[in-house]
Amino acid sequence: MTTDSPAASPAPSDFIRDIVAADLASGACQRVATRFPPEPNGYLHIGHAKSICLNFGIAKEFGGTCNLRMDDTNPAKEDVEYVDSIIADVRWLIAGWADEVLRCKADDAPFFASDYFGQIYACALTLIHAGKAYVCDLTAEQTDEYRGAPDRPGRPSPFRDRSVEENLHLLQQMRAGAFPDGARTLRAKIDPHHPNVWLRDPVLYRIRHTVHHHTGDAWCIYPMYDFAHCLSDSIEDITHSICTLEFEVHRPLYDWLLQHLAVPSPRPHQYEFARLSLTYTLMSKRKLMQLVTEGTVSGWDDPRMPTISGLRRRGVTAAALRQFAIHVGVTKYNALTEVAVLEHAIREDLNTRAQRRLGVLRPLKVVITNLPDGHTETVPAANHPLDPALGTRDVPFSREIFIEQDDFAEIPPPKFFRLKPGGEVRLKYAYIIKCEEVVKNADGTIAELRCTADLDSKTGGATSSRKIKGTIHWVSAAHAIAAEVRLYDRLFTEPEPEADGRDFRTCLNPHSLETITAHLEPALATARPDDRFQLERLAYIALDPATTAERPVFNRVITLKDTWAKEAAKG
RNA sequence: UGCCUUAUGGUGUAACGGUAGCACAAACGACUCUGAAUCGUUUUGUCUAGGUUCAAAUCCUAGUAAGGCAGCCA
């Protein structure tokens, strides 16, 4: 119960899984092979997590495989740092769930589109021989000009009718480094007037004298996405190539290239689904990188980031993310999902797995006057209310304790059933106390509360069954450990940070991170990196890597639902 | 004055010509040594207009709205 995800839900169903099932049933394909093909130009985010869950999920459910492949055809934007982070994030997300369907190269490395540069180049030669590609000398600007616009037809390049021999010769020279960047391109010979802009003689190869993070200086020409992607899929025997909606208009090109290159049958087919959008969240790699470079957050793995590494560092589990992916589903509708769905998945997961602990975030000192000076005892506390097998631990209790400031009100609002002057409250696992006196500082703030305890009311005691409406958490002042706790809130104050063309920086939440020193029960001193705890009545927490031997650092993963906050807000 | 795609409660998602269901959110209640969790109840929906059919969320036509496409990015 503490390590497993919540009860497995029924296998998800969506239009893509329907297609896969139909293809298997009809014999269109013998087995299922999907792939997850990120470009290593940034860190993976929760939108990628949706795609990973889809691709690996399908492979798992249908007994197939899923390749992890770096779509690395643009050396100018890519880096090994991103390759490494992507591998780590994918492995973490699928660990214990679908890792057996992950297909890698022999050395356990991911596939790289750049490993196929030789084969892709050979395909370019094939297209030229077939009269289906030509070398074009137009500049980038001229190419744009000739291409026209979505509502304006293009016109043919003046280089469109070069001979096969000349094209062959020029491509070989391009490959040999005879021309500077941008001097020429290889283009498919399709239809300059086609209503679909992507079929107007798309560029297949461009010249880039740039060192590649994976192939070094072996190449100075690099294939474009459209050329490399369909071929990589074919080379890897992918059956279902699943991508996001913006590639829908590219599908005819994907099909054209594979048909004209007569790749082995059955050839892969592309299917598109809607990318994930979340309220109060930014989801573009470029914008996320901006948050990093401008120092708005501490890095790609800042726990406020929607990156997989940020969520992981925050304390969100892979199981919660997978459950979230099931909740949002897979469609072609451009949806905006409420973050509440993510938050629910996180709480649902943590509720079952997190052991309970006591801790006070904003302390208010309470002296229990009818206990002798120096009085100390321990009380047993349940580790998990849903799983008694997890047993109990002894929590030190003494004459002086801390309670939460919010749990006392000198002038209680309506329906406030916590501690108030003259009122009683149950200290969880311990005594019922009554507030006898409010001691104040010179400035009028509350210094401490002086209370008396019903000494027979201890859990299991003679008057322990007395019905007291309120139960609050506490920690022994002398025994509590000091720990840094980082309280996170959403990064933006608006559900759609970029609505109406607004700059997202104008709606950053100034309170997205608050760092406090909390008083935690001693058992939390031995927390380990993968542990998750629920601070009773407050929040789920997880250890941050910034923890040192002297000072533990915890991240608040997410608060508990707070019905009282809602009630209190009503006034 | 182009091409492609999409449209089901506040949000997301089912229903594959035959009772519009589920989840989140919201509201109320029960329970509670966590104002959590759990349990129960409730509110709110098929974009519009035509057509086909015994029967339409589903099929057809037209409209409307939203998204995508004019990188030598992916």
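Letters go in sequence order (proteins before strands), and every chain restarts at 1.
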Please name all residues satisfying salt bridge (charged side-chain N to carboxylate O under 4.0 Å, His left out) with [X], sequence neighbours left out, ordered by chain then number.
X      : answer
A:R537 : A:D407
A:K285 : none
A:D255 : A:R267
A:K561 : none

query: Got more than 12 heavy atoms from elsewhere within 6.0 Å of NZ, A:K332?
result: yes

message: Can you confirm whether more than 12 heavy atoms, excluding those of A:R17, are under 6.0 Å from its CZ atom?
response: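 Check passes, neighbour count above 12.
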
Between [N] and [M], how far apart are the two [atom1] atoms, rounded to whole Å?
N      : M      : atom1 : result
B:rC60 : B:rA7  : P     : 13 Å
B:rU42 : B:rG67 : C1'   : 35 Å
B:rG63 : B:rU53 : C1'   : 23 Å

- prompt: With Watson-Crick and G-U wobble geometry limited to distances under 3.5 Å, how should the secondary structure of RNA chain B be encoded in dot-bracket form, using | for bases paired to another strand and [ ] for crossing pairs?
  reply: .((((((..((((....[..)))).(((((.......)))))....(((((..]....))))))))))).....

Protein-nucleic acid N or O pairs under 3.5 Å, nucleotides 17-22 of chain B:
none

message: Holding to side chain to side chain contact (heavy atoms under 4.5 Å, CB included), I want the full list of residues that pass it with A:E145, two or more places apart in sequence or in another chain.
response: A:R155

- prompt: Sequence neighbours excluded, which residues qualify as side chain to side chain contact (heavy atoms under 4.5 Å, CB included) partners of A:A523?
  reply: A:R357, A:R393, A:E521

- line: Across all chains, not counting sequence neighbours, the ring-ring contact (aromatic ring centres under 6.0 Å, His included) partners of A:H194 are none

field: Any donor-acceptor N/O pair under 3.5 Å between B:rG10 base and A:E338 side chain
entry: yes

task: Go through B:rG71, B:rA74, B:rG12 for me and flag the one nearest to the A:A335 side chain.
output: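 Nearest nucleotide to the side chain: B:rG12.
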
query: Quick one: which of B:rG71, B:rG10, B:rC73 gets closest to the side chain of A:D144?
result: B:rG71

query: Which parts of nucleotides 26-34 of chain B does protein reach within less than 4.0 Å, heavy atoms only, written one letter per nucleotide 5' to 3' as B for base, S for sugar-phosphate only and - for none?
result: SSS---BBB

Could you run down the sub-3.5 Å N/O contacts of the protein with nucleotides 2-6 of chain B?
| residue | atom | partner | partner atom | Å |
| --- | --- | --- | --- | --- |
| B:rG2 | N3 | A:P150 | O | 2.8 |

Could you list the protein-to-nucleotides 39-47 of chain B atom pairs, N/O on both sides, closer than 3.5 Å?
none

